[in-house]
Amino acid sequence: MSKHWSISDLLDGKASADTEVTVKGWVRTQRPSKAGFSFINLHDGSCFNPIQVIAPAELDNYDSDVLKATTGASLVVTGRLVASQGKGQSFEIQATSIEVLGLVDDPASYPIQPKPHTMEFLRTVAHLRPRTNAIGAVTRVRNCLAQAIHRFMHEKQFNWIHTPIITASDCEGAGEMFRVSTLDQTNLPLTDKGEVDYNQDFFGKEAFLTVSGQLNVETYCMAMSKVYTFGPTFRAENSNTSRHLAEFWMVEPEIAFADLQDNADLAEEMLQYICKAVLDERADDLAFFNQRIDKTVIERLEAIVNNQFERMDYTDAIKVLQTSGKKFEYPVEWGVDLQSEHERYLAEEKIGRPVILMNYPKDIKAFYMRLNDDEKTVAAMDVLAPGIGEMIGGSQREERLDVLDRRIDEMDLPKEHYWWYRDLRRYGTVPHAGFGLGFERMVAYTTGMQNIRDVIPFPRAPGSAEF
RNA sequence: GGGAGCAUAGCUCAGUGGAAGAGCGACUGCCUGUUAAGCAGUGGGUCGAAGGUUCAAUCCCUUCUGCUCCCGCCA
């Protein structure tokens, strides 16, 4: 294909005015004028704003093609880049030729009309929704966040570890898992006991899609010191909410020679870094979100970048909730897991920003979290964000083999399945900690989008895997 | 898994037991250096599906399907 400019570069003034340029993209709107030309707004995904093309009636194919290029049609436009006479854009293109690559069949029923759509409707046309302002902006912000995460980690000398998607160990324990099997589902091989014989399956044992790369990444942490995973994870929970997906992306850093404070500091520094990246690099998209989606988005991101995160012990949070004067549906007492209403009160009403809750009762947390000296709490932390709830969950890991074994026994877990995880405590164990950031929750928080299904290109949820 | 709600034009939604409505979009015309333009007109419907009640059902009842929201699970 011949060389052409991105609309982003043209609007940024990277090409000299009065030179000939070519752009390729899709029509957002066309406004024909009887004054002898037509205004076409063309977008190519490179930035929020489209570029305005002035198509003069003198073009050979003006009546035959150009005027038929309705919203959604694809064009190659060549012309002179000039300072715009109109308001709303710095530059525009005075077209000398317009090639229509693809028209829109039946414009009346083309789903992406130049008018507001609901997010619910756009989910039913997920193959076309990236052409909208909102989903296009989400896509760029999502990319910006992902790139910023890798950049942050790289600058801090973390190694990105590609942990497996398929796991044959059933010891992850973070929820229901999707089974991976090549057995003939209509004719399953059975053992003598009448159970499915997974010895005959592809891996010779049961296999699943991962729910977390944590246990795997801990092994590399015990050699590379600073590591992280960033990839898709899967939960087969029947969760039907605006903040859960069956397939979602998670960032899981793991740091050696570190405790819970170091872990919280890392989470804070990373969130500040990536929020700043979005403020710096995606001002155009943020302006849109701030105007159309959530009027507090920019303010919120600036507050994260410019303020220390509030840190609060679970035990203190319980006291705050008990003395809040609020009537909660679920009563609060030490030892209970916090309900959404409690987390919301803390993050939204009490603090108004993300808050890091630390040191939870051991009975409501996972076996691998490090037991505190009080023997009642573990070194766990959650980052709670207004509107999203739990954005990050993490902990200092139990590095003492005897204590870990005690916890495994207490929870009645199959110790033999954790043999390689326990080995890490036998061979040069060190204090270490890590956390998991729900990437889509971060994108939702950053954009103000209310449903997590609108911040991932093709959302997977119970009963929903179209596209 | 528990609870609530919704389903009427391409989209967003009114509405009524007795002849299907608006706004936006589409199309046509007028107008215009216009900005999701303005003005006028035209077309567009198995009222989610299947049963039932009724002289008559888009409306009332039952079942089903789909979607949304809240809670739980968590990230």
Side-chain angles (χ1 to χ4, degrees), chain A residues 27-41 43 49-56 67-68 70-72 82 84-89 92 94 104-125 132-134 172-176 211-214 232-252 267 288 292 329-330 337-341 343-344 364-366 382-385 388-394 435-445 450-453 456 461-464 466:
Chain A
V27 175
R28 180 147 282 149
T29 59
Q30 173 161 200
R31 295 178 296 281
S33 165
K34 280 297 181 295
F37 47 84
S38 183
F39 299 105
I40 298 170
N41 279 353
H43 70 96
N49 286 313
I51 194 163
Q52 175 157 281
V53 173
I54 314 298
L67 288 182
K68 291 178 183 161
T70 54
T71 302
V82 297
S84 181
Q85 298 171 34
K87 291 176 182 151
Q89 60 275 321
E92 63 188 22
Q94 294 278 355
V104 167
D105 266 3
D106 186 22
S109 63
Y110 178 60
I112 310 300
Q113 299 164 348
K115 55 161 283 178
H117 291 291
T118 60
M119 292 299 151
E120 291 80 7
F121 169 69
L122 291 177
R123 270 171 233 152
T124 68
V125 286
T132 63
N133 280 338
E172 304 193 20
E176 289 295 308
V211 296
S212 163
Q214 180 199 320
T233 50
F234 307 86
R235 304 279 164 91
E237 305 285 350
N238 189 14
S239 299
N240 236 301
T241 79
S242 59
R243 53 189 191 284
H244 288 85
L245 290 165
E247 175 178 332
F248 65 100
W249 286 57
M250 191 151 60
V251 184
E252 296 177 281
F288 166 79
R292 296 290 182 98
E329 189 183 341
Y330 295 89
D337 210 352
L338 297 183
Q339 305 287 314
S340 279
E341 56 176 345
E343 296 183 346
R344 260 206 307 277
I364 59 173
K365 288 294 179 183
D382 284 352
V383 178
L384 309 178
I388 300 290
E390 188 178 337
M391 191 146 72
I392 284 178
F435 63 84
L437 167 70
F439 186 59
E440 282 75 20
R441 289 184 178 175
M442 184 67 208
V443 180
Y445 186 71
Q450 297 206 325
N451 194 310
I452 201 166
R453 297 177 192 194
I456 188 169
S464 176
E466 187 70 45

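Below, chain A is the first sequence line, B the second, and so on; all start at residue 1. Just the heavy atoms: all of them, side chains too, but no hydrogens, waters or symmetry mates, feed the values below.
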A:His43: side chain to side chain contact (heavy atoms under 4.5 Å, CB included) partners, not counting sequence neighbours: A:Trp26, A:Arg28, A:Pro50, A:Arg131

Using a cut-off of 4.0 Å on non-hydrogen atoms, how would the nucleic acid contact of A:Ile392 be classed: base, sugar-phosphate, or nothing? sugar-phosphate

With 3.5 Å as the limit, what N/O pairs link the protein to nucleotides 4-7 of chain B?
none

For the backbone of A:Glu390 and the side chain of A:Arg441, can you confirm whether one donor and one acceptor N or O come within less than 3.5 Å of each other? yes

In whole Å, measure the gap between the C1' atoms of B:U63 and B:C24 for me. 36 Å

Hey, is the side chain of A:Asn41 poking within less than 4.0 Å of OP1 or OP2 on B:U35, counting only N and O atoms? no

Who passes side chain to side chain donor-acceptor pair (under 3.5 Å) against A:Glu466, sequence neighbours left out? none

Name all residues meeting the side chain to side chain contact (heavy atoms under 4.5 Å, CB included) criterion together with A:Arg123; count only those two or more places apart in sequence or in a different chain, and write none if there are none. A:Met119, A:Glu120, A:Arg129, A:Asn451, A:Arg453, A:Asp454

A:His117 (side chain) and B:C11 (base): donor-acceptor pair under 3.5 Å: no

Which residues share a side chain to side chain contact (heavy atoms under 4.5 Å, CB included) with A:Arg292, sequence neighbours left out: A:Phe288

Ignoring hydrogens and angles, are the base of B:C73 and the side chain of A:Ser239 linked by a donor-acceptor pair under 3.5 Å? yes

Does A:Asp106 have any side chain to side chain donor-acceptor pair (under 3.5 Å) partners at least two apart in sequence or in another chain, and if so, which? A:Ser109

Identify each atom pair where a protein N or O and an N or O of nucleotides 28-34 of chain B are less than 3.5 Å apart, giving names and distance.
{"from": "B:U32", "atom 1": "O4", "to": "A:Pro32", "atom 2": "O", "distance (Å)": "2.8"}
{"from": "B:U32", "atom 1": "O4", "to": "A:Ser33", "atom 2": "N", "distance (Å)": "3.2"}
{"from": "B:U32", "atom 1": "O4", "to": "A:Lys34", "atom 2": "N", "distance (Å)": "2.5"}
{"from": "B:G33", "atom 1": "N7", "to": "A:Gln85", "atom 2": "OE1", "distance (Å)": "3.3"}
{"from": "B:G33", "atom 1": "O6", "to": "A:Gln85", "atom 2": "NE2", "distance (Å)": "2.8"}
{"from": "B:G33", "atom 1": "O6", "to": "A:Gln94", "atom 2": "NE2", "distance (Å)": "3.1"}
{"from": "B:G33", "atom 1": "N1", "to": "A:Glu92", "atom 2": "OE2", "distance (Å)": "2.6"}
{"from": "B:G33", "atom 1": "N2", "to": "A:Gln52", "atom 2": "NE2", "distance (Å)": "3.0"}
{"from": "B:G33", "atom 1": "N2", "to": "A:Glu92", "atom 2": "OE1", "distance (Å)": "2.3"}
{"from": "B:G33", "atom 1": "N2", "to": "A:Glu92", "atom 2": "OE2", "distance (Å)": "3.1"}
{"from": "B:U34", "atom 1": "O2'", "to": "A:Arg31", "atom 2": "NE", "distance (Å)": "3.1"}
{"from": "B:U34", "atom 1": "O2", "to": "A:Arg31", "atom 2": "NE", "distance (Å)": "2.9"}
{"from": "B:U34", "atom 1": "O2", "to": "A:Arg31", "atom 2": "NH2", "distance (Å)": "2.6"}
{"from": "B:U34", "atom 1": "O2", "to": "A:Gln52", "atom 2": "OE1", "distance (Å)": "3.4"}
{"from": "B:U34", "atom 1": "N3", "to": "A:Gln52", "atom 2": "OE1", "distance (Å)": "2.8"}
{"from": "B:U34", "atom 1": "N3", "to": "A:Gln52", "atom 2": "NE2", "distance (Å)": "2.9"}
{"from": "B:U34", "atom 1": "O4", "to": "A:Gln52", "atom 2": "NE2", "distance (Å)": "2.5"}
{"from": "B:U34", "atom 1": "O4", "to": "A:Gln89", "atom 2": "NE2", "distance (Å)": "3.4"}

Closer to the 5' end of RNA chain B via nearest nucleotide, is it A:Ser340 or A:Gln450? A:Gln450

Base versus backbone protein contacts along nucleotides 39-47 of chain B [heavy-atom cut-off under 4.0 Å; B, S, -]: ---------

In chain order, what residues pass the ring pair (Phe, Tyr, Trp, His ring centres under 6.0 Å) check against A:Phe435, with sequence neighbours excluded? none

Listed by chain and number, what are the side chain to side chain donor-acceptor pair (under 3.5 Å) partners of A:Thr233, not counting sequence neighbours? none

List for me each residue that meets ring pair (Phe, Tyr, Trp, His ring centres under 6.0 Å) alongside A:His117, sequence neighbours excluded, and say none if there are none. A:Phe121

Taking B:C59 as the reference, what is the distance to B:U54 when you measure between their C1' atoms (whole Å, please)? 13 Å

Applying ring pair (Phe, Tyr, Trp, His ring centres under 6.0 Å), name anything that partners A:Tyr110, two or more places apart in sequence or on another chain. none

Is the phosphate of B:U68 approached by A:Ser242 (side-chain N or O, under 4.0 Å from OP1 or OP2)? no

In whole angstrom, give me the gap between the C1' atoms of B:G15 and B:U8. 9 Å

In terms of the nearest nucleotide of RNA chain B, which residue is placed more toward the 5' end: A:Arg243 or A:Met391? A:Arg243

Taking atom P in both B:G38 and B:G43, compute the distance separating them and give it to the nearest angstrom. 22 Å

